Amino acid sequence: MSTYKSDFLNILSERGFIHQVSEPDVLDARAVEGTLTAYIGFDCTAASLHVGSLLPIMMLYWLQQTGHRPIALMGGGTTRVGDPSGKDESRRILTEDDINNNLVGIRAIFSKFLKFEGAGGNADKSNAIMANNADWLNKLNYIDFLRDVGKHFSVNRMLAFDSVKMRLERQHELSFLEFNYMVLQAYDFVELNKLYGCTVQMGGSDQWGNIVSGIDLGRRMSGAQMFALTAPLLTTSSGAKMGKTAAGAVWLNADMVSPYDYWQYWRNTEDGDVARFLKLFTTLPLGEIAKLAALQGAEINEAKKVLATEATALVHGRAAADESAGTARKTFEEGTFAQSLPTVEVARATLEQGIGVLNAFAELTSLVSSNGDARRQIKAGGLKVNDANVTDEKMMLTAKDLTVDGAIKLSLGKKKHVLIKPV
RNA sequence: GGGAGAGUGUCCCGAGUGGCAAAGGGGGCGGACUGUAAAUCCGCUGGCUACGCCUUCGUAGGUUCGAGUCCUACCUCUCCCA
């Protein structure tokens, strides 16, 4: 089915990364001829990226794997202004220090997927680059910018973009700042083209308009030929947004979401998403994925385990992935005790005196948000101590509750478990 | 500058006659059924030292036995006119 000649486009296409490509034939030919340089922009509003950013990261990964050069562009400049999207969103302005800290955290994630200059490798034309648009955006002079860049933009056409049109029709406010995002992003593309010879910008399908603006701007300012490649917007088959769970975003940094929880996130993938996610979020060969995708009924769970382990291995390493898989197997399938479950330590003396269940669940382990919540869960039969339902909210946990393994297991529902260990 | 509206349970949307811990959704959590899935059904969805107490309807005052509801000022947002 693949109609491309280049490995790069073939792989992206087979694995389901491509939504739209501008001038696919020309881009394909370029990819065959030589080394492409492509970029994707990331906001650095938090100290980590979450699962939602994984798809673009994987695109950069495949780009590099097929011999091309990826650029991860940090929105250091745009973040400084504060993204105005989301009408009620607290427009907290991040300080320079915050942004720099975030950059460090985010860079750590990229280094797991991409090979950067100086990271052990010798100079290779496919070494990844991390750029920061603050480097050029901060220096801009308004008048010069308007004259050099602004003159190439037609407001008439900008108003016709879907993103703008929708806001106008729904009578949502669209600030001038936000209106300019398109312009800044287009300028980023041209700047990267100038600095690194970057000719391709990738992104989610909602970025199409912005990317095309960049292509136009490049042609007008320097006559460069540039390309757009967008990925489908990801939702689960039941329509939910990717990457958000009850506990909040599924972050990629281990200190924000543990490898075990990360593994669990993928383990709980809906049936209908398994094949798609295997292609997008693991690097397994397509043949193997096809076999897994053919599994029916309950057997799909095997595919989900593979998905979870492979996806976790990419972000947290093989060892952590295997350990998470082992923990899950013991906990869910063998019903035994896994020492590797999340653990909270308490002073032995405190335990000797006894700890109230409410306190243990709410304060100690934060499995529930308050004592009241704990009471409700007890009524609903959702709390367990050592796999036995809690029925009395005045129950005390003492050293007698320690199992042979030297810990007390607290559970909320069937899936969330925490161990309490005396020290 | 003039005029008309809006801000509700710190996840979102949204009803609300002066007696309100405040309808209804969505989302989330728990239970049942399953396969750690989906769908479906049931329960829960301010806090606490809990037959009571405290804090909540943009902010600050006021009227009232009693205010989300009435009055005043202010803040923010939207729309229309200039």
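These numbers were taken from a predicted model, which means no experiment stands behind them. Below, chains carry the letters A, B, ... as their sequence lines are ordered, and counting in each starts from 1. These values consider heavy atoms only, across backbone and side chains, with no hydrogens, waters or symmetry-generated copies.
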Kindly say if R376(A) contacts the phosphate of G28(B), meaning a side-chain N or O under 4.0 Å from OP1 or OP2.
no

Contact between F277(A) and L54(A) at the side-chain level, heavy atoms closer than 4.5 Å - yes or no?
no

Suppose you measure atom C1' in C77(B) against the same atom in G24(B); what distance do you get, rounded to whole Å?
26 Å

C1'-based separation of U40(B) from C48(B) [nearest Å]
37 Å

Distance check needed: C48(B) C1' versus E393(A) CD, whole Å only.
13 Å

F116(A) six-ring face occupied by R107(A) cation (under 6.0 Å, within 45°)
yes

Is there a Watson-Crick or G-U wobble partner for U69(B) with both distances under 3.5 Å, and which nucleotide is it?
none

pair_partner(A39(B)), Watson-Crick or wobble, both distances < 3.5 Å, evaluates to none

Salt bridge D216(A)-R219(A), side-chain N to carboxylate O under 4.0 Å:
yes

How far, in whole Å, is G14(B) from A6(B) if one measures between their P atoms?
13 Å

Charged N-O contact under 4.0 Å between R376(A) and D373(A)
yes

Send over the distance from L367(A) CG to G28(B) C1', rounded to a whole Å.
16 Å

Does A15(B) have a Watson-Crick or wobble mate here (both distances under 3.5 Å), and if so which one?
none

Re C33(B): Watson-Crick or G-U wobble partner, both distances kept under 3.5 Å, found to be none

Atom P, compared across G61(B) and U55(B): separation rounded to whole Å:
14 Å

Determine the interatomic distance between C1' on C44(B) and the same-named atom on U63(B); round to the nearest Å.
40 Å

Please confirm whether the shortest side-chain N or O distance from N371(A) to OP1 or OP2 of A50(B) is below 4.0 Å.
no

How would nucleotides 30-35 of chain B be written as a contact map, 5' to 3', with B for base contact, S for sugar-phosphate-only contact and - for no contact, using protein heavy atoms under 4.0 Å?
SSS-BB

Rounded to whole Å, please give me the gap between CZ in R375(A) and P in G46(B).
15 Å

Has the side chain of Q264(A) got a donor or acceptor that lies under 3.5 Å from a partner of the other kind on the base of U36(B)?
yes

Look at K305(A) together with E302(A) and state whether they make a salt bridge at an N to O cut-off of under 4.0 Å.
yes

Looking at E323(A) and R318(A), does any basic side-chain N land under 4.0 Å from a carboxylate oxygen?
no

Under a 3.5 Å limit on both distances, the Watson-Crick or wobble mate of G27(B) is U45(B)

Taking a pair to mean Watson-Crick or G-U wobble geometry with both distances below 3.5 Å, U64(B) pairs with none

Whole-angstrom distance between U49(B) and C42(B), as gauged at atom P:
33 Å

Across all strands shown, which nucleotide pairs with G5(B) by Watson-Crick or G-U wobble geometry, both distances under 3.5 Å?
C77(B)

Kindly label the base of C77(B) as syn or anti, based on whether its glycosidic torsion lies within 90° of 0.
anti

Interatomic spacing from OG in S324(A) to CG in L341(A) - rounded to 0.5 Å:
10.5 Å

Walking RNA chain B from its 5' end, the first of R329(A) and E363(A) to be reached, judged by nearest nucleotide, is R329(A)

Interatomic distance where CG belongs to L358(A) and P belongs to G47(B) [whole Å]
13 Å

Within a strict 4.5 Å, meaning less than it, do heavy atoms of the R15(A) and R276(A) side chains meet?
no

Mind checking whether L358(A) and I378(A) have side chains closer than 4.5 Å, heavy atoms only?
yes

D261(A) CG to U36(B) P, straight-line distance once rounded to whole Å
18 Å

Could you work out the separation of G35(B) and G46(B) based on their C1' atoms and round it to a whole Å?
37 Å

Distance check, P atoms only: G25(B) and C41(B), in whole angstrom units.
12 Å

